[in-house]
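Here's the structure, in structure tokens; my notes come after.
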Amino acid sequence: MLYEEIVQQFVQRIQKGLQPPGSKLPSIRSLSQDLGCSKNTILKAYGELEKKHWIYSVPQSGYYVVEGGKSQGRPVDEHAHRIIDFQAAGPDRHAMPYRDFQHCINQAVERYKEEMFSYSDVQGLYSLRVQLARHLQGLQVFTVPERIFVVTGSQQALHLLLALPFPNAKHRVCVEQPTHPGMMESLRQLGISAVGIEVGEGGINLKRLEELFKHNDIKIFYTVTRFHNPTGCSHTNAARRKIVELAQRYDVYIVEDDYMGDLDTDAKSDPMFAFDPSGRVIYVKSFSKVMLPGLRLGLAVLPDELHESFTRAKSAADVHSPVLMQGALEIYLQSGMFDMHIERMRQLYSRKAALLQEAYRTWLTELASFSQAASGFYSTITLPAPLKAVQVAEHLKHKHVLVDPADRMYMAEAASNNVIRISVSQVKEEWIDEGVRMIAEATEELMGMRNQVRFV
Ligand SMILES: Cc1ncc(COP(=O)(O)O)c(C=O)c1O
């Protein structure tokens, strides 16, 4: 039997509801015996079904029918109902290890039942911090469990750090422009005075950064060093080293947000922490982009001088992060499942980034500028004047394409209202090109209408 025939049969079974969402497909061995064909043929057929997002695989478990969309048990004209969502900030839902993680949660309930009857360590479970320290070594972050704080999402670490007094007794915060909208909101909420420095395709102007550090009472420089949100750009190792030197010279602390560090395939890329592990660089990591945002788990590696004040701030905020989720993450890391998952995610997101860049070059080269990203979720498109991001987003919504105007990622004085953020995380690979084509089409349509429409 040909592998295409097997694919066809499964598609029909799924469409008719005979193989419902979440159900497990026969093992490769049993199906090859039943159909009298080689295991390679079955593997090829399952690979094809996975590529087309009918099914997903769970390492060491098997293949399952995906939830939602195609697999609702009836034939779907996917083009009729299609929404190309370049706005979603969560991970690719078809690639998430739900079942593996469910297994870890079940084990964690058993292992940590006693701990759940009382309050736990503010800093996080020690046994989890041991696993985190081990995992961080792979990211060139060498530290000890005693310096790691488990936080309720990395956003909590960022928010708490902004409000803490620092040993340098300075007050202002320097942020990249544009930057992570959560950081912008925390600055607004806490009423903290900030200065901005532009980042993007050309990197960062180190002379300007030095001037800012020298004259502006800078307590913290907040930087997203890899696959920046929203531009997708990464600093070079040379720039990272130089930024650390400047921070040392002018007594500035660096908060290095490495929210997508796990996705970096470049083994030579070092985080800023590696250039100064003494405490000058506070390393912050999220588990939301490579795992599940609903876990609400992240970590911060803190200098000894901030240990006590951060412990008090964290305790005042939420006492500690949920023990059950901490335990499940510990088991997930310890079992090696996390490493296997990350390997798949690296491949998935570098493939998506390559497809996106190709689509940009095909459709946008003459029309708009765009940022380049080798992996991660994000990149930005700068629209031609006089178009505004909000109007283009509105126009595209009617065509069922969602994009995110980046206004809120800028400080008011630097506001750039012609930039849109594109996230590929939840867009199917086969729709990336079409989505970018539609953005180009909408841009051209609005440019053609610019005498009729006022772009205020
Ligand atoms: C750059 C950056 N840092 C931190 C976060 C917050 O992540 P978490 O879900 O771990 O709080 C995000 C979320 O989008 C982000 O984009």
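Atoms within each ligand, like the ligands themselves, are counted from 1 in listed order.
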Close-contact set for ligand 1 against S286 heavy atoms, below 4.0 Å: 7 (O), 8 (P), 10 (O)
Does some non-hydrogen atom of K289 fall short of 4.0 Å from ligand 1? yes
At a 4.0 Å threshold, what atoms of ligand 1 neighbour a non-hydrogen atom of N229? 1 (C), 15 (C), 16 (O)
Around atom 3 (N) of ligand 1, find the nearest protein heavy atom and jot down its residue, atom name and distance. D257 OD2, 2.6 Å
Ligand 1-proximal atoms of R296, by part, heavy-atom distance under 4.0 Å: side chain
At under 4.0 Å between heavy atoms, which part of Q155 makes contact with ligand 1: side chain, backbone, both or neither? both
Enumerate, atom names and distances included, each donor-acceptor pair closer than 3.5 Å involving a side-chain atom of residues 133-145, sequence neighbours excluded.
unit_1 : atom_1 : unit_2 : atom_2 : d
R134   : NE     : Q131   : OE1    : 3.2
R134   : NH2    : Q131   : OE1    : 3.4
R134   : NH2    : L333   : O      : 3.2
H135   : NE2    : D262   : OD1    : 3.0

For ligand 1, which is the ligand I care about here, please tell me if S288 has any N or O atom under 3.5 Å from one of the ligand's N or O atoms. yes
Using the six-membered ring of F275, assess whether NZ or CZ of R240 lies under 6.0 Å from its centre and within 45 degrees of the ring axis. no
Between the side chains of H159 and S186, is a donor N or O closer than 3.5 angstrom to an acceptor N or O? yes
Would you kindly specify which portion of Q156 sits under 4.0 Å from ligand 1, judged on non-hydrogen atoms: side chain, backbone, both or neither? neither
State which residues pass side chain to side chain donor-acceptor pair (under 3.5 Å) with E256; sequence neighbours excluded, sorted by chain then number. T225
If you take the centroid of each ring, where Trp contributes its six-membered ring, are F149 and H307 closer together than 6.0 Å? yes
Answer with yes or no after comparing the ring centroid distance for F227 and Y378 against a 6.0 Å cut-off, counting only values under it. no
